[in-house]
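Take a look at the structure set out below.
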Amino acid sequence: MLVLTPTQLFTGAEFIEGASVHMHDGRIVDITRTAPAGALELKGVLAPGFIDAQINGGGGILFNDAPTPDALAMIAQAHHQFGVTGFMATLISDEPNKIAASFDAVEAAVLAGLEGVLGLHLEGPWLSEPRRGVHPSRHLRDFHEDELQLLARKRCFPLLVTLAPERISQERINALADAGLIISLGHTAASSEEIDAALVAGAVGFTHVFNAMPPMEGRKPGAVGAALTHKEAWAGLILDGIHVHPVSARVAFACKTAQKLMLISDAMATVGTANDSMALFGETIGLVGGALRTASGTLAGAHLDMSQAVRNAVTLLGATTSEALRMASLTPAEFLRVDHERGRIAPRFRADLVLLDSTLKVSATWIGGKQVH
């Protein structure tokens, strides 16, 4: 039994002063209002570990370049220092063999109990050409029937797919949703009517809202307008102050609230390193002014970690600390359908925890009761 007694405990629903969290065999077994003998006293706020639905890389590794369990271990380790206890390994649109390798890598990592690897996020290749961003044109395509069989196969981890509804029929979206996939809409130029139809068919969220979408206009609300008005749909937000203007981000926060708006890092290989550049599909991506860009100026993922995103939620959105923490833990857990054991500090939940100081910087991270940072 390991017992932690922080200055403050945030359970995912409320703050408690001086409570103790009892952990055993990777799970939380009790929360008491008093500290028993032998409890480890911690200075700061103990909160549910952060869950990131979109990590492309970290620690100098890009998942596309090395879709292997060893690479996932290095990426996970790079993000432990930022409080991430569960993440979706994200594969940018690539060749079919890379997609197959990503499935194998994530499955092996999950079965081996690799700390932090939650599931797989396929960001493409079924994306809109006009809104592809840095996704190479040569890898984009329409959705084919044989791919339905691959994606719909029963797996031991959550599978998130970002797609553009103009690349796939409503019937196939419905088939993927029925198979248990989490369907998110992104990199799309679809009309709001097409977006509405995709949501009816089974899509449940939006990938990095505002980015890789046409701007909302008075007579053309598009994907952004649909994302902001559909109350039941989740939306990911890259909150670095660069990808989305703070005013636009505050609009999203006002519309979606902390219950449906989730923080994502869209982290690339430079996160967790001192590197100021990286390679992506043979092109050099430079880090300038906190942004990763191609030579032509196109944003290429983000140099952002989840702890910074949480702090930005407070400073840029005007969110309360509890709202900021929820958007980094319980909200993505609900989106990924793992909220039965993640996103809260409560009995029977996984002992995935993060300790934060008074400035919301990470002091320590535990995954399954094991301190990893």
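Model, not experiment: these values are computed from the prediction.
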Open item on the list: Run the side chain to side chain donor-acceptor pair (under 3.5 Å) test on Asn174 and Gln170 for me, step by step, so that the C-alpha distance in whole Å, both residues' side-chain angles and the decisive distance to 0.1 Å come before the verdict.
Closed with: CA-CA 6 Å; Asn174 185 251; Gln170 294 179 46; over 6 Å; no

Review point. For the rings on His208 and His243, is their centre-to-centre separation under 6.0 Å?
Key: no

I'd like to know if [X] pairs up with [Y] as an ion pair, taking the criterion as any Lys NZ or Arg NE/NH1/NH2 lying under 4.0 Å from an Asp or Glu carboxylate oxygen.
X	Y	answer
Arg27	Glu341	yes
Glu232	Lys256	no
Arg172	Glu145	yes
Arg326	Glu334	yes
Glu129	Arg132	yes

Tell me, do [X] and [Y] make a side-chain contact under 4.5 Å, heavy atoms counted?
X	Y	result
Ile92	Phe281	yes
Val271	His79	yes
Arg141	Glu147	yes
Phe63	Asn56	no

query: Just checking, any donor-acceptor pair under 3.5 angstrom between side chains of Asp305 and Ser265?
result: no

For a quick check under 3.5 Å, do Glu166 and Thr188 share a side-chain donor-acceptor pair by atom type? yes

On a heavy-atom basis, the closest approach of Glu107 and Cys156 is CG-SG, 4.0 Å

Review point. Just wondering, are more than 12 heavy atoms of other shown residues or ligands nearer than 6.0 Å to NZ in Lys361?
Key: no

More than 12 heavy atoms of other groups within 6.0 Å of Glu41 CD
no

Only one of Val224, Leu185, Ile195 passes side chain to side chain contact (heavy atoms under 4.5 Å, CB included) with Met213, and that residue is Val224

Q) Passes side chain to side chain donor-acceptor pair (under 3.5 Å), His303 versus Thr270? Steps please. A) CA-CA 6 Å; His303 185 73; Thr270 55; 2.8 Å; yes

**Report entry** Evaluation steps, side chain to side chain donor-acceptor pair (under 3.5 Å), between Asp70 and Thr68
**Finding:** CA-CA 5 Å; Asp70 288 345; Thr68 67; 5.4 Å; no

| task | Would you please test Thr320 and Ser322 for side chain to side chain donor-acceptor pair (under 3.5 Å) and show each step? | result | CA-CA 5 Å; Thr320 64; Ser322 60; 3.1 Å; yes

Going by chain and number, the hydrophobic cluster around Ile242 (ILVMFWY, side chain to side chain under 4.5 Å) further includes Leu299

Between Gln54 and the options Thr90, Thr162, Asp266, the side-chain hydrogen bond (donor to acceptor under 3.5 Å, both in side chains) test singles out Asp266

Please say whether the positively charged group of Arg155, taken as NZ for Lys or CZ for Arg, lies over the ring of Phe103, i.e. under 6.0 angstrom from the six-membered ring centre and within 45 degrees of the axis. yes

